[in-house]
Amino acid sequence: MATLKITQIKSRIGSTAQQCKNLDALGLRKINQTVTHSDSAIIKGMVTRVKHLVKVEVVEEAPAKKPAAKKVTKTNKEE
């Protein structure tokens with residue numbers, strides 16, 4: 001699933017109370033603050049309400065790497 005990177009680009013001064021609550025729910029308190037959220041319908045709805053105050057980027061998740069195999073080395077005691 002993709003992740004949304006949301007950045008507040010404008011001030012909340014002059015915004016309605018509902019828009020301020022949406023910014024608070026998204027975790028945005030200051031200008032240029034960035035948060036990440038999973039891409040869901042609820043988050044997209046909140047972003048739509050404050051789209052004039054935020055910038056949204058879609059971040060694709062990289063596939064998880066397999067853990068590296070441990071090297072087996074002989075110590076002097078094992079020889």
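For this chain, numbers begin at 1 and follow the sequence in order. Side chains included, hydrogens not; waters and symmetry mates left out as well; all remaining heavy atoms used.
Considering every non-hydrogen atom in both G27 and Q33, the closest pair reads O-NE2, 3.3 Å. Across all their heavy atoms, L53 and S15 have their closest contact at CD1-OG, 3.5 Å. When all heavy atoms of H37 and T3 are compared, the pair lying nearest together is O-CG2, 3.3 Å. Contact detail for V35 and L26: the closest heavy-atom pair is CG2-O, 3.5 Å. For the pair A2 and V58, the tightest heavy-atom approach, listed with the atom from each and the gap, is CB-CG1, 3.9 Å.
Counting heavy atoms from C-beta outward, I6 and T34 have side chains that stay 4.5 Å or more apart. Residues R12 and Q19 form no side-chain contact, since every pair of their non-hydrogen atoms from C-beta on lies 4.5 Å or further apart. Using a 4.5 Å heavy-atom cutoff, the side chains of I31 and S11 are in contact. Between K44 and D39 the shortest side-chain heavy-atom distance falls below 4.5 Å.
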Test side chain to side chain contact (heavy atoms under 4.5 Å, CB included) on V47 and V54 and set out the steps.
CA-CA 8 Å; V47 168; V54 298; 4.2 Å; yes
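With rounding to the nearest 0.5 Å, the separation of CG in L4 from OG1 in T36 is 9.0 Å. For the atom pair R49 CZ and T16 OG1, the distance stands at 8.5 Å (nearest 0.5 Å). One distance of note links CG of L23 with NZ of K30; it measures 14.5 Å at 0.5 Å rounding.
Partner of Q8 under the side chain to side chain contact (heavy atoms under 4.5 Å, CB included) criterion, out of L28, N32, V50: L28 alone.
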